[in-house]
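Worth saying up front: this structure is predicted, and the values here are computed from it rather than measured.
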Amino acid sequence: CELLRSSMENRGEFNTFFTYIIIFFWILTMMFWLYRMNSALRKFESTFIIPVLQVIWTLSSVVGGGLYFDEFSNLTNTQFLMFVFGIMFVILGVCVLATIPTS
């Protein structure tokens with residue numbers, strides 16, 4: 001909403017070179033992600049690969065956001081351990097659900 005408001009006020013975020021660098025790398029990342037997803041779908045069942053790829057996407061987003069916004073520096077040892085256990089629990093849950101045979 002803020003970006004839309006800024007665009008309407010003509011602040012010129014599309015006049016900076018950095019915006020186009022971000023858009024370029026976003027498109028490059030999406031092309032890579034779709035290529036990898038399609039190659040994985042050719043090799044594995046969709047009921048297995050889509051949840052696994054979703055976990056990888058979520059994990060990379062959580063870790064990337066935590067590093068970029070420096071969220072991990074304020075965690076106590078207990079909080080960090082619980083974070084790691086939470087991530088492992090999600091991965092384990094998806095792996096268990098993805099390996100259930102389909103009829």
Rounded to the nearest 0.5 Å, how far does [atom2] of [Y] lie from [atom1] of [X]?
{"X": "Thr29", "Y": "Ile22", "atom1": "OG1", "atom2": "CD1", "result": "9.5 Å"}
{"X": "Met82", "Y": "Thr76", "atom1": "CE", "atom2": "OG1", "result": "10.5 Å"}
{"X": "Ile27", "Y": "Tyr20", "atom1": "CD1", "atom2": "OH", "result": "11.5 Å"}

For Val62 and Phe72, the nearest pair of non-hydrogen atoms, with its separation, is O-CZ, 4.1 Å
Between Ser46 and Pro51, the two heavy atoms sitting closest are O-CD, 3.8 Å
Please list, chain by chain and in numerical order, all residues satisfying side chain to side chain contact (heavy atoms under 4.5 Å, CB included) with Ser60, sequence neighbours excluded. none
Do [X] and [Y] belong to the same hydrophobic cluster, where Ile, Leu, Val, Met, Phe, Trp and Tyr are linked whenever their side-chain heavy atoms lie under 4.5 Å apart, directly or via other members?
{"X": "Leu28", "Y": "Trp26", "result": "no"}
{"X": "Ile87", "Y": "Leu67", "result": "yes"}
{"X": "Ile91", "Y": "Val94", "result": "yes"}
{"X": "Leu34", "Y": "Ile49", "result": "yes"}
{"X": "Ile56", "Y": "Leu92", "result": "no"}

Does [X], at its [atom1] atom, have more than 12 non-hydrogen atoms belonging to other residues, nucleotides or ligands within less than 6.0 Å?
{"X": "Phe80", "atom1": "CZ", "value": "no"}
{"X": "Asn38", "atom1": "CG", "value": "yes"}
{"X": "Met31", "atom1": "CE", "value": "no"}

With side chain to side chain contact (heavy atoms under 4.5 Å, CB included) as the criterion, how do Ile21 and Phe25 come out once you've worked through the C-alpha distance, each side chain's angles and the decisive distance to 0.1 Å? CA-CA 6 Å; Ile21 291 174; Phe25 280 109; 3.7 Å; yes
Please step through side chain to side chain contact (heavy atoms under 4.5 Å, CB included) for the pair Trp57 and Val52, ending with a clear verdict. CA-CA 9 Å; Trp57 183 267; Val52 170; over 6 Å; no
Evaluate the criterion side chain to side chain contact (heavy atoms under 4.5 Å, CB included) for residue pair Ile50 and Met37; output intermediate values, then yes/no. CA-CA 8 Å; Ile50 296 297; Met37 182 179 68; 4.1 Å; yes
Contacts of Phe44 that satisfy ring pair (Phe, Tyr, Trp, His ring centres under 6.0 Å) - sequence neighbours left out: Phe48
